[in-house]
Engineer: 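Here's a structure for you.
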Amino acid sequence: MKFVISVLSSSNAPSTRRALRFAQAVLAAGHDIVRVFFYQDGVLTASNNLVVAQDQQDIAKQWQAFIAEHELDAVVCIAAALRRGVLDHSEAQRYQRDTVNLAEGYQLSGLGQLHDALQQADRFISFGGE
Amino acid sequence: MAKSVLLISRHAPWAGSDAGEALDIALAAGAFDLPLSILFMDDGVLQLLEQQLPRMLEQKDLSANLQALPMFGIEQLYVAQQCLNLRGLGDSCLAIAAERLDDQHIQQLLRQYDYVVTL
Amino acid sequence: MTTLHVLNASPSNAAQLSSCLRLMSAGDGLMLCGEAVQALRDGSAAAQQLLGGERAYQLYALEEDVLARGIDAAALSVTLVDYPAFVALCVDYARVNSWT
């Protein structure tokens, strides 16, 4: 089966860790992930600027590693990202901001990518809130 | 045939970004000509009320986006009657035309769509 | 076409549980994770909601969340699932409706 997974909370939320463990189980079961779409506060999970205490799980780093390992299509909604201060090089230039903080492996794009993924997939699940 | 989406919008208009970000999903579907309907329930029903003054909160008026939905091909709007009743709004006029559904009809509605996306 | 509803909010904070129970159809699934597993606490108002009515749906809970909170879910007939089983449920049900 083909899954679309949406992450709606920052990496501090339990739901974002749950999303990752779910995504890992999806691939372990032999299913495909068409796209992981980061929306609402989920765009903050794609930040490269997080500092996590040594005795805590760095869920953002784990998401990034998971995406890289499996070459997943990880899209971050550009409108949601801009309004929360997550920018790639191109947007930082466009809006003359000092910081490029979109982590490697993520792409900024529009909600059309969510709909495109839904059209290709069989199942959609989102993880947000706490 | 394109896969259909039922978007369930559950949050009040200016209680954070949820209402606006749910509407953005609908507008994006419309822009790509994809079948999407919206069900307003829980505090989401408050998005449909008349005589609201978002400018008092220096907030954007979402009703402009809601009114634009048919232009984007999003014509099926539903509202949970029971949620209106619970908020003392059972008989209120709505600023946006939406079909009022009781719980049983909402159960049936959900079964008609390939995806349900709740924000 | 059945739906797996996934809840994660505390039953005392959010309207997720009551709202969800109203729009569930016979044959649907209800999956509790995160703080939503508090609804399994024996004697709680939320547990009463789950016990009440004809319960034409299947009840599931994410095992790690139940164990983490020291909840004894024996009073309710709930199936505890791990992540592989959670994925399998998403395949079995025609669609997944996650509440936030």
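Reckoned from all heavy atoms, side chains included, excluding hydrogens, waters and symmetry mates. Letters go in sequence order (proteins before strands), and every chain restarts at 1.
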Engineer: Mark yes when over 12 heavy atoms from residues, nucleotides or ligands other than B/Gln51 sit less than 6.0 Å from its CD; otherwise mark no.
Structural biologist: no

Engineer: Can you list every donor-acceptor pair under 3.5 Å that links chain B to chain C?
Structural biologist:
from: B/Arg10; atom 1: NH1; to: C/Thr100; atom 2: O; distance (Å): 3.3
from: B/Asp42; atom 1: OD1; to: C/Ser19; atom 2: OG; distance (Å): 2.5
from: B/Asp42; atom 1: OD2; to: C/Ser19; atom 2: OG; distance (Å): 2.9
from: B/Asp103; atom 1: OD1; to: C/Arg22; atom 2: NE; distance (Å): 3.4
from: B/Asp103; atom 1: OD2; to: C/Arg22; atom 2: NE; distance (Å): 2.8
from: B/Gln107; atom 1: NE2; to: C/Arg22; atom 2: O; distance (Å): 3.0
from: B/Arg111; atom 1: O; to: C/Arg95; atom 2: NH2; distance (Å): 3.1
from: B/Arg111; atom 1: NH1; to: C/Ser25; atom 2: OG; distance (Å): 2.4
from: B/Tyr113; atom 1: O; to: C/Arg95; atom 2: NE; distance (Å): 2.7
from: B/Tyr113; atom 1: O; to: C/Arg95; atom 2: NH2; distance (Å): 3.1
from: B/Thr118; atom 1: OG1; to: C/Asn97; atom 2: OD1; distance (Å): 2.5

Engineer: What option among B/Ile106, B/Leu6, B/Ile8, B/Leu110 has the most heavy-atom pairs under 4.5 Å with chain C?
Structural biologist: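 It is B/Leu110.
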
Engineer: Partners of C/Phe86 by ring pair (Phe, Tyr, Trp, His ring centres under 6.0 Å), sequence neighbours excluded?
Structural biologist: A/Phe22

Engineer: Does any heavy atom of chain C fall under 4.5 Å from the side chain of B/Leu86, the backbone, both, or neither of them?
Structural biologist: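 Side chain only.
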
